[in-house]
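Below you'll find the structure, written out as structure tokens, and then a few comments.
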Amino acid sequence: PTMLGTAAAALLGMVMFGGAAVAADPVTLKLGYSLPATSHYGVGAQAFADALAEKTDGRFKVEMFPSNALGGEREMIEGAQFGTIDLVVTSTGPVGNFVPETLVFDIPFLFRDYAHARGVLDGEIGQEVLDKFPERGLIALAWAENGFRHLTNSKQAVTEPEDVKGLKIRTMQNDVHMRAFTTLGALPTPMAFPEVFTALQQHTIDGQENPIPVIVSGNFAQVQKYLSLTGHVYSPALFIMAPSRWEELSDEDKAAFKAAAKIGANAMRKQVETFEADGIAKLEAAGMTVVEHPDKARFLEELKPAYAEYEKRFDPELIKRIRDWK
Ligand code: EAX
């Protein structure tokens with residue numbers, strides 16, 4: 001086309017769209033998570049925001065609220081249900097209180113390793129669970145990752161299940177986890193994450209359990225002497241969205257949000273690996289005593305009564321499908 005033709009077409013375009021659709025300010029969405037911007041959550045959230053901007057030509061902008069600025073994970077999920085928070089990157093710790101189908105993944109020693117956990121979540125079982133969210137007033141865009149959880153405490157090195165007896169351990173607000181610690185003779189104390197550091201510092205609890213990336217990002221070495229690499233449970237994370245926001249999107253934008261969340265989740269998983277590669281050395285350098293090989297066989301043995309209960313609570317076929325995944 002001639003220059004005049006192009007200019008005329010541009011002018012016509014502006015008239016047709018009233019200038020509004022073309023020059024509109026981006027829609028700003030609030031995204032909350034519980035760790036600092038430098039954490040795996042921050043890296044995943046940023047990768048999501050960048051991918052979303054790219055896929056939607058900058059029509060959506062994500063405003064970040066790291067470090068519990070919008071509350072603990074349970075509160076943020078409630079915020080997404082109410083539509084006061086648009087997006088949440090959260091561990092699944094408290095998610096079982098909203099979508100009970102997620103709780104099966106909280107069974108201790110269910111997953112062998114990262115490949116197993118990621119494979120199950122990204123496959124048909126993971127999709128079946130994601131599909132349960134809308135009926136509970138939430139949209140789950142993608143599975144992400146927090147990591148395998150390990151035990152820290154201020155009292156003693158934990159090698160055998162007996163070493164856990166009597167320890168006051170903060171757990172997430174998750175009764176599958178709590179059942180496991182009760183069975184081991186510990187005193188589980190459910191608590192929102194933002195309160196954990198202070199509670200450890202003031203010795204109202206003796207210990208807590210979290211993945212290496214959280215123990216590092218949360219500076220727990222300042223308040224915990226012993227780290228035991230129990231890897232007792234895999235902790236998934238999720239990109240969650242407010243249904244009120246989701247329903248406003250076109251089908252094309254919905255696909256863009258899901259694809260961007262997948263990119264964010266992959267970045268988060270990569271960052272978990274990066275933190276795990278040098279995290280333990282960092283924690284040792286910060287003064288922690290590390291038990292690298294706690295007696296896993298004995299923990300499994302002591303947990304038998306808890307497993308009997310899980311088999312009643314969850315579909316044993318589903319547990320078997322997860323365990324047998326290859
Ligand atoms: O999502 O509550 C927890 O222990 C979580 O692992 C932490 O907030 C990261």
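Just so it is clear, the structure is predicted and the values come from calculations on it, not from any experiment. One-based numbering, in listed order, for ligands and for the atoms of each.
- Looking at atom 5 (C) of ligand 1, its nearest protein heavy atom turns out to be Asn210 OD1, 3.6 Å.
- Residue contact check for ligand 1: Arg149 places a non-hydrogen atom closer than 4.0 Å to it.
- For atom 4 (O) of ligand 1, the closest non-hydrogen atom on the protein side is Arg170 NH1, 2.7 Å.
- In this structure, the protein non-hydrogen atom closest to atom 9 (C) of ligand 1 is Tyr41 OH, 3.3 Å.
- Distance CD/Gln81 to CD/Glu78: 7.0 Å, rounded to 0.5 Å.
- Close approach to Ser91 involves these atoms of ligand 1, each under 4.0 Å from a residue heavy atom: 1 (O), 5 (C).
- The ring pair (Phe, Tyr, Trp, His ring centres under 6.0 Å) check on Phe111 picks up His116, Tyr234, with sequence neighbours excluded.
- The protein heavy atom nearest to atom 7 (C) of ligand 1 is Phe193 CD1, 3.7 Å.
- Remark: aromatic rings of Phe239 and Phe48 are close, center separation under 6.0 Å.
- Ring pair Phe314/Tyr310 is tilted by interplanar angle, where 30° to 60° counts as tilted.
- A heavy-atom separation below 4.0 Å is not found between Gly93 and ligand 1.
- For Asn146, every heavy-atom contact with ligand 1 shorter than 4.0 Å involves the side chain, none the backbone.
- Proximity of Glu73 to ligand 1, defined as any heavy-atom pair under 4.0 Å, is confined to the side chain (atoms from C-beta onward).
- In this structure, Phe220 and Phe193 have tilted ring planes: the angle between them lies in the 30° to 60° band.
- Close placement of the Tyr114 and Phe148 rings is indicated, their centers lying within 6.0 Å of each other.
- We find that Arg298 and Glu162 are joined by a salt bridge, their nearest charged nitrogen and carboxylate oxygen being less than 4.0 Å apart.
- The ligand atoms of ligand 1 that sit less than 4.0 angstrom from a heavy atom of Met172 are 2 (O), 3 (C), 4 (O), 5 (C), 6 (O).
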